[in-house]
Amino acid sequence: MPVVGVFALQGDVREHLSTLTALGAEAVPVRRPEELARCEALVLPGGESTTMAKLARTFELLDPIRVRVRSGMPTFGTCAGMILLADRILDGAAGQETIGGLDVTVRRNAFGRQVDSFEAELDLKGLDRPVHAVFIRAPWVEEVGPAVEVLAEAEGHPVAVRQGHLLATSFHPEVADDGRIHRLFLEMVRR
Ligand code: GLN
């Protein structure tokens with residue numbers, strides 16, 4: 001079974017660990033470079049992307065994660081994790097750093113201008129029935145590069161995307177008691 005790390009300096013780590021474990025992965029929290037080195041794949045959870053980037057920098061994880069993502073490690077970002085994977089951020093904090101790799105522009109707190117949080121049933125490419133998507137101060141994707149496949153949209157904007165070994169959702173599949181998107185990610189890891 002694949003060893004899948006969950007970035008664990010901030011965010012909803014526990015939910016990802018339990019979903020991955022239930023699907024048969026060996027899920028481990030990642031707080032230090034040595035822990036990252038053991039992992040075949042990584043999940044970047046929801047949380048606060050500015051805090052996560054700062055902590056990753058402080059704990060010397062930011063550059064090692066960048067290197068691994070660029071060298072093909074399957075990586076799945078949810079919400080703040082999507083922001084961390086994005087190459088370009090709109091409405092970011094001053095000097096906000098990302099891990100990058102995903103050729104998209106995301107707008108932080110995009111839905112939040114109207115409503116902080118909401119839930120929706122979304123059709124997602126590759127899944128037979130809709131997913132219950134929980135959005136919490138969520139970003140949306142404003143622009144995608146040519147290699148990016150849009151898997152789901154909400155309010156006319158991409159909210160789930162895939163690019164090669166990278167998967168990202170604006171919403172939180174880890175809180176929805178539905179392992180299908182994590183299963184999709186584990187299929188990417190096994191390939
Ligand atoms: N708005 C948060 C950010 O910019 C993301 C929110 C979330 O992950 N639920 O990091």
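We count ligands from 1, going down the list as the structure has it; atoms in each ligand are counted the same way. These values consider heavy atoms only, across backbone and side chains, with no hydrogens, waters or symmetry-generated copies. Everything quoted here is computed from the prediction, not taken from an experiment. Residue numbers count from 1 along this sequence.
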So, [X] side chain and [Y] main chain: donor-acceptor pair closer than 3.5 Å or not?
X   : Y   : value
T98 : A86 : yes
T78 : G46 : yes
E48 : Q10 : no

With R14 via side-chain hydrogen bond (donor to acceptor under 3.5 Å, both in side chains) - residues at least two apart: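 R14 satisfies side-chain hydrogen bond (donor to acceptor under 3.5 Å, both in side chains) with no other residue.
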Applying side-chain hydrogen bond (donor to acceptor under 3.5 Å, both in side chains), can you list everything that pairs with R162, at least two apart in sequence or on another chain?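 Counting only residues at least two positions away or on another chain, R162 forms a side-chain hydrogen bond (donor to acceptor under 3.5 Å, both in side chains) with E149.
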Show the distances, to 0.1 Å, for all pairs joining an N/O atom of ligand 1 and a protein N/O atom that are shorter than 3.5 Å, listing one pair per line.
residue  : atom   : partner : partner atom : Å
ligand 1 : 1 (N)  : N109    : OD1          : 2.6
ligand 1 : 1 (N)  : R137    : O            : 2.9
ligand 1 : 4 (O)  : S49     : OG           : 3.3
ligand 1 : 4 (O)  : R108    : NE           : 2.7
ligand 1 : 4 (O)  : R108    : NH2          : 3.0
ligand 1 : 8 (O)  : G47     : N            : 2.9
ligand 1 : 8 (O)  : G47     : O            : 3.1
ligand 1 : 8 (O)  : A80     : N            : 3.0
ligand 1 : 9 (N)  : I136    : O            : 3.0
ligand 1 : 9 (N)  : H172    : NE2          : 2.9
ligand 1 : 10 (O) : S49     : N            : 2.4
ligand 1 : 10 (O) : S49     : OG           : 2.8

Provide the full list of ring pair (Phe, Tyr, Trp, His ring centres under 6.0 Å) pairs with a residue in residues 14-71, sequence neighbours left out, each pair given once.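 Sorted result for residues 14-71: H16-H182.
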